[in-house]
Amino acid sequence: AKRRGRNTWQRFNPGLARRQQDRVQIESQLRRALDDDEFHLVYQPMVSLHDGRVRGAEALLRWRHRTLGEIMPDNFIGQAEATGDIVRIGAWVIGQACHQICAWRKSGLPIERVSVNVSHRQFLGEELPQIVAAALGKCDLPGSILELEITERVLIEEAPDILATFAALRALGVSLVIDDFGEGYSALNYLRRLPIQGIKLSRQFLQGVPENRSDVAICQAVAGMAKGLGLSVVAEGVETIAQRDFMLDLGIEQGQGFLYSRGLPPLEMTEYLRRPSR
Ligand code: C2E
Ligand code: CA
Ligand code: CA
């Protein structure tokens, strides 16, 4: 599904043996990397598909490794989840994103919303609401500025206290949306029981739009269901005008993708926010 973004390995690793070596290096260095400040965030604008105006941004993690160079998240998040390091790294991401929102607000660039990806390991732990509350509190930010993207996996692997976690986050004003909607599981019953505000239509289903009939049917079904349930929808992986127009026809009004912008380092995102319109 993730056609791009995967090639990063190739940049620094020609052979399989090398790749395995890199993997071992990555796993053993995740913790050190956090202490050594090797992580940073880029921000991908989320825009109104009508007029391209910025509505928010998704924070995406990057690792600038001292010898391997820039490593994309698909090449280390899985391992960070397996080792449990994702819990600390994820807390750093939330703190860093809030810090950035604060900087934007201070320079007169009020951004409506920043989304942060939260791994199931983080969500099923107990301390997430406290971590979020502390990050917001540090800069005196309203919770409504933060959106957490969780995957369907969180909802399926239901831990006993998941409802309490949802309630605590909602009490802070934070929104919860389902990332990569439709990619993982087909159970929908959680949509009735859990306080979810929106979904992100997986870019997997946008790829074939508007030519592929099954992709089209799935996008239509998701859009209809979201509307009926009162959920917001963001289309991800919008790469072409045709995809944008098709989403608008379905009543999907927000999107993100290379048609608008890739993930931008903070300074470039600041410029993007400054530009009046495009
Ligand atoms: P995701 O949450 O689905 O994030 C969107 C990914 O799609 C990003 O890849 C982004 O660069 C890419 N993308 C955006 N627009 C387009 C487009 O038009 N076409 C295509 N082909 N791709 C597009 P990235 O940054 O490599 O992130 C990959 C995944 O890593 C993310 O997928 C997310 O699951 C995970 N991830 C990223 N940052 C974090 C984080 O801070 N914490 C956790 N737990 N996971 C993260
Ligand atoms: Ca995401
Ligand atoms: Ca996604």
Side-chain angles (χ1 to χ4, degrees), residues 1-9 11 30 33-34 38-47 49 56-64 70-100 113-125 128 131-132 135 146-154 175-184 198-209 222 233-244 247 254-265 268-269:
K2 303 192 173 170
R3 282 202 291 227
R4 286 186 207 155
R6 287 245 188 245
N7 353 355
T8 342
W9 274 110
R11 235 189 271 160
L30 278 163
L34 189 58
E38 289 185 355
F39 292 109
H40 64 114
L41 297 179
V42 296
Y43 297 86
Q44 184 175 38
M46 293 188 185
V47 305
L49 295 175
E58 176 176 2
L60 296 164
L61 187 59
R62 297 289 179 266
W63 179 3
R64 201 170 287 137
E70 184 114 316
I71 310 179
M72 300 297 270
D74 282 343
N75 295 318
F76 66 86
I77 294 285
Q79 288 164 78
E81 283 173 344
T83 59
D85 285 319
I86 194 66
V87 177
R88 273 185 70 219
I89 297 172
W92 177 85
V93 170
I94 292 167
Q96 186 64 24
C98 287
H99 184 72
Q100 184 61 59
R113 153 178 67 122
V114 171
S115 302
V116 167
N117 293 287
V118 171
S119 146
H120 63 106
R121 288 281 303 253
Q122 268 174 287
F123 202 86
L124 302 179
L128 184 65
I131 287 167
V132 170
L146 196 66
E147 182 173 86
L148 303 184
E149 299 191 2
I150 56 180
T151 58
E152 288 169 286
R153 182 166 178 184
V154 168
S175 335
L176 295 147
V177 302
I178 302 170
D179 203 359
D180 301 328
F181 186 81
E183 240 181 60
I199 58 183
K200 297 190 75 175
L201 177 57
S202 167
R203 69 175 177 274
Q204 187 184 313
F205 304 119
L206 266 83
Q207 278 172 7
V209 165
V222 171
V233 186
V234 173
E236 51 173 45
V238 182
E239 296 182 351
T240 65
I241 303 266
Q243 287 169 341
R244 179 200 65 192
M247 291 301 124
Q254 284 193 50
Q256 63 187 99
F258 297 159
L259 178 62
Y260 298 95
S261 176
R262 65 195 163 84
L264 301 173
E268 284 177 50
M269 183 67 203

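Counting convention: from 1, in listed order, for ligands and their atoms alike. Note: hydrogens, waters and symmetry copies are ignored here, and every other heavy atom, side chains too, is used.
- Residue Gly237 has at least one heavy-atom neighbour below 4.0 Å for each of these atoms of ligand 1: 16 (C), 17 (C), 18 (O).
- Taking every heavy atom of Asp180 and a limit of under 4.0 angstrom, the matching atoms of ligand 1 come to 3 (O).
- Atom CG of Leu148 and atom CD1 of Ile178 lie 12.5 Å apart (nearest 0.5 Å).
- Distance check: Arg64 CZ to His40 NE2 gives 3.5 Å after rounding to the nearest 0.5 Å.
- Heavy-atom distances between Gly90 and ligand 1 stay at or above 4.0 Å for every pair.
- Of all atoms in ligand 1, listed by their number and element, those nearer than 4.0 Å to a heavy atom of Val93 are 41 (O).
- When each atom of ligand 1 is checked for a heavy atom of Val238 under 4.0 Å away, the hits are 18 (O).
- Only the side chain of Asp179 comes within contact range of ligand 1, with a heavy atom under 4.0 Å; no backbone atom does.
- Every residue two or more places apart in sequence or in another chain was checked for a salt bridge (charged side-chain N to carboxylate O under 4.0 Å, His left out) with Asp179, and none qualifies.
- Contact annotation: Glu58 has at least one heavy atom less than 4.0 Å from an atom of ligand 1.
- Residue Ile77 holds the heavy atom nearest to atom 45 (N) of ligand 1 of all those in Ile77, Asp74, Leu206.
- Listed by first and then second residue, the salt bridge (charged side-chain N to carboxylate O under 4.0 Å, His left out) pairs that reach into residues 115-125 come to none, sequence neighbours excluded.
- In this structure, CG in Leu259 is found 5.0 Å from CD1 in Ile241, a value given to the nearest 0.5 Å.
- Residues that satisfy the salt bridge (charged side-chain N to carboxylate O under 4.0 Å, His left out) test with Arg262, not counting sequence neighbours, are Glu268.
- Leu128 CG to Ile94 CD1: the interatomic distance, rounded to the nearest 0.5 Å, is 5.0 Å.
- Under the side chain to side chain donor-acceptor pair (under 3.5 Å) rule, Glu58 has a single partner from Gln256, Gln44, Arg113, which is Gln256.
- Ranked by closest heavy atom to atom 18 (O) of ligand 1, the top entry among Phe39, Phe123, Phe258 is Phe258.
- Atom CZ in Arg244 sits 13.0 Å away from atom CG in Leu206 (nearest 0.5 Å).
- For ligand 1, one of its N or O atoms has an N or O atom of Arg203 under 3.5 Å away.
- Of the polar atoms of Asn117, at least one N or O is found under 3.5 Å from an N or O of ligand 1, judged by distance alone.
- On a distance-only criterion, Leu61 and ligand 1 share at least one N/O pair closer than 3.5 Å.
- Between the choices Gly255, Ser119, Ser115, Ser261, the shortest heavy-atom distance to atom 44 (N) of ligand 1 belongs to Ser119.
- Counting only protein atoms, the N, O or S atoms lying less than 3.0 Å from the Ca ion (ligand 2) are Glu58 OE2, Asn117 OD1, Glu149 OE1, Asp179 OD2, ordered by chain and residue number.
- Results of the side chain to side chain contact (heavy atoms under 4.5 Å, CB included) test with Asp180 over Glu152, Lys200, Glu236 single out Glu236 as the only residue that passes.
- The closest approach between Glu239 and ligand 1 falls below 4.0 Å for a heavy atom of the residue.
- Under the 4.0 angstrom criterion for non-hydrogen atoms, Arg62 is in contact with ligand 1.
- For the pair Val114 and Gln100, the minimum side-chain heavy-atom distance is 4.5 Å or more.
- Here is the list of ligand 1 atoms found below 4.0 Å of a heavy atom in Gln44: 14 (C), 15 (N).
- For the pair Asp85/Phe76, no side-chain contact is recorded, criterion being any heavy-atom separation below 4.5 Å from C-beta on.
- For Gln256, the heavy-atom gap to ligand 1 stays at 4.0 angstrom or more.
- In this structure, of Ala97, Pro73, Gly78, Gly257, the residue bringing a heavy atom nearest to atom 30 (O) of ligand 1 is Pro73.
- If you take CD1 on Ile86 and CG on Leu61, they are separated by 7.0 Å, rounding to the nearest 0.5 Å.
- Contact analysis leaves Gln207 out of contact with ligand 1, as no non-hydrogen atom separation drops below 4.0 angstrom.
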Exercise for the section: Determine, stepwise, if the pair Phe205 / Val222 fulfils side-chain contact (heavy atoms from CB on, under 4.5 Å). Expected result: CA-CA 10 Å; Phe205 304 119; Val222 171; 5.7 Å; no

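- The local environment of NE2 in His120 is crowded, with over 12 non-hydrogen atoms from other residues, nucleotides or ligands closer than 6.0 Å.
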